[in-house]
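What follows is a single structure, written as structure tokens, with notes after it.
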Amino acid sequence: MDPIYKPEVIEPAAQRYWDGARCFEASEDASREKFYCLCMFPYPSGRLHMGHVRNYTIGDVVSRYQRMQGKNVLQPMGWDAFGLPAENAAIKHGVPPAQWTRENIGHMRAQLRRLGFAYDWRRELATCDPEYYRWEQWFFLKLYEQGVVYKASSTVNWDPVDQTVLANEQVIDGRGWRSGAPVERREIPQWFLKITDYADQLLYDLDKLPGWPEQVRAMQANWIGRSEGVELDFELAEGPVAGYDALTVYTTRPDTLYGVTYMAVAAEHPLAVEAAEGNPALQEFLAECRAAHTTEAALETMEKRGLPLGLSVIHPLTGARVPVWVANFVLMGYGTGAVMAVPGHDRRDWEFATRYRLPIRQVIAPADGSEIDLCAGAFVDYGVLVNSDGFDGMSSAEAFEALAARLEGEGRGRRRVNYRLRDWSVSRQRYWGCPVPMINCPACGAVPVPEAQLPVRLPEDVTLSGVGSPLKAMDDFVRVDCPGCGGEARRETDTFDTFFESSWYYARYCSADQEEAMLDDRARYWLPVDQYIGGIEHAVLHLLYSRFFHKLMRDQGLVEGDEPFTNLLTQGMVLAESFYREDEKGGRTWFNPAEVETQHDRKGRVTSAILKDDGRPVALGGIGTMSKSKNNGADPQGLIDRYGADTVRLFTMFAAPPEQSLEWSDSGVEGSHRFMKRLWRMVHEHVAAGPAPALETLSLDEAQRELRRQLHATIAKVSDDIGRRYTFNTAIAAVMELLNALGRHAGEQPQDRALRQEAFEAVVLMLSPIVPHACHALWTELGREGAVVDQPWPGFDPDALVQEEVELVVQVQGKLRGRIRVARDAPEAVVREAALSEENVSRFIGDRPVRKLIIVPGRLVNIVV
RNA sequence: GCCCGGGUGGCGGAACUGGUAGACGCAGCGGACUCAAAAUCCGCCGAUGGCAACAUCGUGCGAGUUCGACUCUCGCCCCGGGCACCA
């Protein structure tokens, strides 16, 4: 055995073994319990970053642990390969997006292999491959048949120079991020998926996900935003306008109906548009509201403004005339685009009414009878009705029911459920994405591409100028005969939102090589995913869309079950210290932490830092996420080259529990490397002394029994930490402690060596999910047959945990005053006697009488005087 | 504003069901080995007082429950994340 730990030798060797023995190729086996472990697939941006390393190491540890538990484990990997960065890179470097993407995939795949992750690479997929996206086109057409897909006009951010649609993040201060041109709002026909039809299921099924973090479920519930209320009609006092004879509003507070003093409609509302005809002031206001939307200015600070429309409505209960205003805080996209304003009991209505001196009426009083002052602000809580005719004295809840019933009876209102969730617009006016499989015919309208013609392949040999989508100029792609009438038609040049691809990839891994169908029976075997792992940033969009897709696939008979991911782990971010220098103009130059040396005071507190290059000081920029702009990223590749994959894996698992953010520390990595070297050396010393004899548990002396007790206690703890708690950091700490104890145990008797053999074997087994390469080598060095990857997880020997004598802590008045050793099963009287006679304890008791004595078996004694 | 997290040594973190606060690691300090350095090994390492044994204080702040509170209850302060004119 090599006395020196050489990751550069043992890591490739272990990987060659796994590949040769096809260890991680998973196949369906009904006789074994399956475990599908999945990490969110990466966007092939070019190279792996620390977030990837952390994410995939967690998944790999879980997978390898479950494998040792005897489960049939599937852990696949693939590429979320469509998307905007490829187009930007293409424009910048003149490389086609397909080429750029595939080169990046090649590089990142090699990096993942270097880290030794236990993937079934046969199932690798890239969403930009026609073999993948053809099924997504096929599925889209199925949904179209089913009526889940529809086309509607919707507003987009349009860059008039680049002739392209911009995502919200690409609009900076109202201008296109690349062209700098003022962004326009355009109405463009787009494809939508009716996710709102599934809103209730998506909300209520959250209760079926106890294995998800509370936080993620809460975020999804908020995003769906279900509210119960009443929709009611206010008859227009001056007769029909713009084809309406009533103004319909939605409210969650029908109990405040008697407090309505005005109505407010959105700027885009037909009544406002109609009223603006021939009214320049109103027209100007509507135009301002439209412009304000595009800038996405801080809405919270936006002033509430509006103008009267010169219309009024009739209150359905009192018959009073109520004026109609247009207001900039009313959203056309929610409810009916109009609200009944109750300034006494709604903050926004109150602000608006105060500004424009509109009347404020109190109709709700606090349930506890306290006084309120509506001049100071609105009273928004539920309470008891006042000034509301026959409804006075009812609680808000009672009044909700009574008013809803009355309005429904009179045909002027109905109970309604509203959602914040909007239908999902899946069209993107972009090149690098999956083509929407539709054909636009002047005669027939939008016609689906016939199934036999799938896939609609995205032409990959393109040059991107940055102006418009290159697809529009490609006649070969665009010109097509209409499948309906045979006439000349144009192919749809929009592509799908990339969330479309990532919404079902987890299912496709099960049937990755299936050429005849989207999914097959194998998906029924593997799904749902038992453990899904990824970043919290996907808490809403990706994880909501995937849940939606799973229900769509279920309704098409493609999968079983209601939910795709049984357990979800959201890993924390990777943070690092940053350093900078400021020039005269206040501009900052950021230095990578690798180029900087920190200096500390005698306590070890960081006081300042200098640049290694010139020895002059740099400023501390604080801890934050690793980012390009702050130049504080640690490059995984450099660390792997220097320390090996195992050290990097060990550090990322040891530095913090997986859900918390992880602070990067180069010296922490050094520490992990030290541990690897130490483990290697200790095993080497043990092995170099020759084979160990068989362990005879009955002949161990006290020190040996104590060491063995610690060994088996550690096995029990590590099993629980990795298997149940997912606290890999404490599992590693426990193994470190065990190794420290082994180092202190000096004996060289045959049974000491036998015990050491047992301990090292257990350590290697326990660490093998985390540092698999070194453990692969050490298992063989310990003289064991077979590969550690095929070994079962170690069990603990309950007999080894039994102690004849235990140490008890003795407290007086709850404060620690001494320790005693007593037999494990010592009767209470003996424990009591031992505790009271302990020197320090008796000193503290003095001559005070003992009032009470509490014994917690195996732990402590507390004496109350 | 609403909804989630969180606040423990110089630092990352541990203490899982109320029962020894600070495991493990990093940094720091001291020592061994060495001509020297690196590597490695050993020891110390919350604050205050004390030669010491030990004592007092100490988990954001204030109260409470309890024999006993980092852990439970109430009130407050601060930090992070998400949503945010959603009627």
Side-chain angles (χ1 to χ4, degrees), chain A residues 213-223 225 227 229 249-253 256 264 299-300 302 304 327-331 333-342 346-349 351-352 380 418-422 536-537 539-540 573 575 577 598 600-607 623 651 654-657 659-672 674-675 677-678 681 717 720-721 724-725 727 729-737 739-740 743-744 807-819 840 843 851-854 856 858-865:
Chain A
E214 174 63 36
Q215 190 195 173
V216 174
R217 286 186 290 160
M219 281 165 72
Q220 292 211 354
N222 286 339
W223 186 266
S227 73
V249 301
Y250 172 75
T251 180
T252 55
R253 293 294 302 270
T256 64
L299 289 168
E300 69 210 278
M302 201 161 94
K304 291 190 177 36
N328 64 349
F329 67 87
V330 181
L331 304 172
Y334 185 80
T336 62
V339 299
M340 60 177 220
V342 185
D346 180 281
R347 233 170 245 124
R348 295 151 304 180
D349 297 345
E351 253 183 77
F352 193 84
V380 299
N418 244 315
Y419 299 94
R420 214 186 68 94
L421 184 70
R422 301 269 75 95
I536 185 79
E537 66 271 21
V540 179
M573 294 187 296
L575 313 178
E577 186 71 59
T598 53
H600 7 71
D601 61 15
R602 293 187 64 87
K603 278 255 168 190
R605 238 181 303 232
V606 174
T607 50
I623 292 272
F651 176 72
F654 178 60
E659 308 217 56
Q660 274 182 44
S661 57
L662 181 158
E663 235 174 84
W664 193 259
S665 146
D666 285 334
S667 47
V669 181
E670 292 269 6
S672 291
R674 261 199 293 276
F675 175 78
K677 288 190 285 189
R678 181 153 185 247
R681 198 186 55 246
K717 174 168 175 57
D720 189 48
D721 282 355
R724 179 181 65 90
R725 297 210 304 153
T727 50
N729 55 327
T730 54
I732 295 165
V735 175
M736 286 174 168
E737 266 185 275
L739 219 60
N740 290 344
R744 279 192 299 268
E807 187 185 75
L808 297 185
V809 159
V810 185
Q811 297 179 332
V812 179
Q813 314 286 64
K815 283 191 197 252
L816 173 66
R817 296 302 177 192
R819 292 157 204 276
N840 206 39
R843 190 157 62 78
R851 286 219 335 252
K852 202 168 169 188
L853 193 136
I854 294 138
V856 182
R859 297 210 87 124
L860 58 73
V861 180
N862 189 18
I863 299 159
V864 188
V865 295

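Here is how names work: the chains are called A, B, and so on, in the same order as the sequence lines, proteins then strands, and each is numbered from 1.
- Just one of A/Q811, A/R817, A/Q813 meets the side chain to side chain contact (heavy atoms under 4.5 Å, CB included) condition when paired with A/K815; it is A/R817.
- Evaluation of atom-type donor-acceptor distances gives no pair under 3.5 Å for the side chain of A/N222 against the base of B/C83.
- For B/G19, the OP1/OP2 oxygens have no side-chain nitrogen or oxygen of A/K815 closer than 4.0 Å.
- Around atom CZ of A/R422, more than 12 heavy atoms belonging to other residues, nucleotides or ligands sit under 6.0 Å away.
- Nucleotide B/C44: paired with B/G28 (Watson-Crick or G-U wobble, both distances less than 3.5 Å).
- Summarising the base pairing, B/G49 is matched to B/C54 through a Watson-Crick or G-U wobble pair whose two defining distances lie under 3.5 Å.
- The side chain of A/Q660 places an N or O atom within less than 4.0 Å of a non-bridging phosphate oxygen (OP1 or OP2) of B/G13.
- Using the Watson-Crick or G-U wobble rule with both distances under 3.5 Å, B/G9 pairs with nothing in any strand shown.
- The listed nucleotides are B/C85, B/G19, B/A84; the one nearest the side chain of A/I854 is B/G19.
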**Request:** Applying side chain to side chain contact (heavy atoms under 4.5 Å, CB included), run through A/T730 and A/R725 and close with a yes or a no.
**Result:** CA-CA 10 Å; A/T730 54; A/R725 297 210 304 153; 3.6 Å; yes

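- Comparing B/G25, B/U20, B/U40 against the side chain of A/V809 picks out B/U20 as the nearest.
- Judged by distance alone with a 3.5 Å cut-off, a donor-acceptor contact links the side chain of A/R819 to the base of B/U20.
- Checked by atom type, the side-chain pair A/R819/A/N840 shows no donor-acceptor distance below 3.5 Å.
- Between A/Y334 and the phosphate of B/A87, there is a side-chain N or O to OP1/OP2 separation shorter than 4.0 Å.
- Each of B/C24, B/A21, B/A87 was ranked by its minimum atom distance to the side chain of A/S227; first place goes to B/A87.
- Close to B/C26, at under 4.0 Å from its OP1 or OP2, lies a side-chain N or O of A/R674.
- Side-chain nitrogen and oxygen atoms of A/R348 include none within less than 4.0 Å of the OP1 or OP2 phosphate oxygen of B/G1.
- In this model, the phosphate group of B/C54 is not approached by any side-chain N or O of A/R817 to a distance below 4.0 Å at OP1 or OP2.
- Comparing B/U20, B/C24, B/C67 by their nearest atom to the side chain of A/N862 picks out B/C67.
- The pair A/E351-A/R348 fails the salt-bridge criterion, with no side-chain N (NZ, NE, NH1 or NH2) lying under 4.0 Å from an Asp/Glu carboxylate O.
- If you check every strand for non-hydrogen atoms under 4.0 Å, A/V339 touches a base.
- For the OP1/OP2 pair of B/A53 and a distance below 4.0 Å, the side-chain nitrogens and oxygens of A/R843 include no atom meeting the criterion.
- Contact annotation: A/N418 does not reach the phosphate of B/C86 (side-chain N/O to OP1 or OP2, under 4.0 Å).
- Between A/K304 and B/C85, a side-chain N or O to OP1/OP2 separation shorter than 4.0 Å is absent.
- Sequence order on RNA chain B of the closest nucleotides to A/D720 and A/F329 puts A/D720 first from the 5' end.
- Looking at heavy-atom distances under 4.0 Å, A/P657 makes contact with sugar-phosphate atoms alone, never a base.
- Rounded to whole Å, atom P of B/G5 lies 19 Å from atom CD of A/E537.
- Look at B/A15: it lacks any Watson-Crick or wobble partner with both distances under 3.5 angstrom.
- Side-chain to base pairing of A/R724 with B/C16: one donor and one acceptor N or O lie within less than 3.5 Å of each other.
- Contact annotation for A/G335: no contact, since no heavy-atom pair falls under 4.0 Å across all strands.
- The side chain of A/V856 has B/G19 as its nearest neighbour among B/A23, B/C67, B/G19.
- Here the P atom of nucleotide B/G10 and the CD atom of A/E663 are 15 Å apart, to the nearest Å.
- Nucleotide B/U20 is matched to nothing when pairs are restricted to Watson-Crick or G-U wobble geometry with both distances under 3.5 angstrom.
- OP1 or OP2 of B/A55 sits under 4.0 Å from a side-chain N or O of A/N840.
- Taking 90° from 0 as the syn/anti boundary, the base of B/G10 is oriented anti.
- The pairing partner recorded for B/C83 is B/G1, the criterion being a Watson-Crick or G-U wobble arrangement whose two distances lie under 3.5 angstrom.
- A/S661 comes within 4.0 angstrom of the backbone, heavy atoms only, and of no base.
- Distance from the side chain of A/R347 is smallest to B/G1 among B/C26, B/G1, B/C3.
- Taking a pair to require two hydrogen-bonding distances under 3.5 Å in either a Watson-Crick or a G-U wobble arrangement, B/G75 pairs with B/C61.
- When the side-chain nitrogen and oxygen atoms of A/R859 are compared with OP1 and OP2 of B/G18, none of them lie within a distance under 4.0 Å.
- For A/N729 and B/C26, the CG to P distance is 15 Å, given to the nearest whole Å.
- Counting only heavy atoms from C-beta on, A/W223 has its side chain closest to B/C83 among B/G13, B/C67, B/C83.
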